[in-house]
Amino acid sequence: MNAPSLDGNADSRADVVKELKAAELSMSQQLAKQAKLKPFSEDAIKLSDEINETRIEIRELQNEIDSIDGKEIGIPALEVSLTQAEKNLSDLKNTQLNFKLSDEDAKNTESSAYMQSLDIAQNVSFAESEVRYFKKQIAAELRAIEKKKAKAKKAADKEANNAAHNTADDAANDTAGDATSKSGDKIAKNDNVKVKVNYVNSSLFPNLDARIEHAVKNPELTLFKMKKNSSGLAILLLEPVNKFV
């Protein structure tokens, strides 16, 4: 049993590697067997089909290992493989086009020429599947790239919006702060308004001097008392006014 891994991929990767080695061994055995068979025989054609399937299996297993390892094939490499596959397909189609099967061979399904025509057709079919595979892989890579770009743009837009909101909030707070500061300054100035009183202690009337000095030191309290006392005297004005009404 494989040792556990922190990323949890050790066991799964080991299993895939084991399958890949088995497929590669099978491929070697199939190629060795093919070399002993008569070219374009029925058995050779069937074995050729099996070899193509094994090639696909090996490629898929290798792709799975690359995915586990976080390895990306990349579009440039896929495009190179696609170019090679398209060239191979083109060559096979030319061979198929130039291959002339007589009417007699066409009727004799056991003839070498007939079997050769089947082998060519089989190879063309496999080459076509290869071209489709690489085109599909490239399309998937392009979609993945576009998805990453869209995700990155969404994240950037969100960050920009947050920054804009923060800037607006800061500006509003600064404006409110300035207004509050100015208002506070104004209130402070009003509160700090003092009446300058030039008073010289005469020492002739100590009680009066003490009261005046207390009033000078506490102008707010003095003003409050003056307002309170003046409101009490306001009633005296009502009597003379009533006489003229």
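When a residue number appears, it is its place in the shown sequence, counting from 1.
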Under the side chain to side chain donor-acceptor pair (under 3.5 Å) test, residues paired with [X] that sit two or more places apart:
| X | answer |
| --- | --- |
| Ser48 | Gln122 |
| Lys153 | Asp157 |
| Asp91 | Lys87 |
| Asp49 | none |

Over 12 non-hydrogen atoms of neighbours within 6.0 angstrom of [atom1] in [X]:
| X | atom1 | value |
| --- | --- | --- |
| Asn162 | CG | yes |
| Glu42 | CD | no |
| Glu72 | CD | no |

Check: For residues Asp66 and Gln62, is any side-chain donor paired with an opposing acceptor at under 3.5 Å?
Finding: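 Side chains of Asp66 and Gln62: pair found under 3.5 Å.
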Just how far is it from atom [atom1] of [X] to atom [atom2] of [Y], taken to the nearest 0.5 Å?
| X | Y | atom1 | atom2 | result |
| --- | --- | --- | --- | --- |
| Gln137 | Ser81 | CD | OG | 10.0 Å |
| Gln34 | Lys46 | CD | NZ | 15.0 Å |
| Met27 | Leu31 | CE | CG | 5.5 Å |
| Ser67 | Glu60 | OG | CD | 13.0 Å |
| Gln29 | Ile51 | CD | CD1 | 11.5 Å |
| Asn166 | Asn161 | CG | CG | 10.5 Å |

What pairs with [X] under salt bridge (charged side-chain N to carboxylate O under 4.0 Å, His left out), at least two apart in sequence or on another chain?
| X | answer |
| --- | --- |
| Arg59 | Glu130 |
| Asp69 | Arg13 |
| Lys135 | none |

Return the set of residues passing side chain to side chain contact (heavy atoms under 4.5 Å, CB included) with [X] (not counting sequence neighbours), or none when no residue passes.
| X | result |
| --- | --- |
| Thr83 | none |
| Glu50 | Gln30, Leu47 |
| Ser102 | Glu104, Asp105 |

Notebook entry, point to check: Asn88 side chain to Gln84 main-chain N or O, any donor-acceptor pair under 3.5 Å?
Noted result: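 Pair absent, no side-chain N/O of Asn88 close to backbone of Gln84.
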Note to self: How close do Ala23 and Thr54 get, counting heavy atoms only, and between which atoms?
What the structure shows: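 Where Ala23 meets Thr54 most closely, the heavy atoms are O-CG2, 3.5 Å.
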Margin query: According to a hydrophobic-cluster definition based on side-chain heavy atoms being under 4.5 Å apart (Ile, Leu, Val, Met, Phe, Trp, Tyr only), do Leu61 and Ile56 belong together?
Written below: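 In one cluster with Leu61: Ile56, no.
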Item checked: Hydrophobic cluster (4.5 angstrom, side-chain heavy atoms) - remaining members for Ile73 ->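 In the cluster with Ile73 are Phe40, Ile45, Ile75, Leu78, Leu82, Leu89, Leu92, Phe99, Leu101, Tyr114, Met115, Leu118, Ile120, Val124, Val131, Tyr133, Phe134, Ile138, Leu142, Ile145.
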Checklist line | Residue pairs, two or more places apart or on separate chains, that pass salt bridge (Lys or Arg N to Asp or Glu O under 4.0 Å) and touch residues 25-37 | finding: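 Checked against salt bridge (Lys or Arg N to Asp or Glu O under 4.0 Å) - neighbours excluded - no pair reaches residues 25-37.
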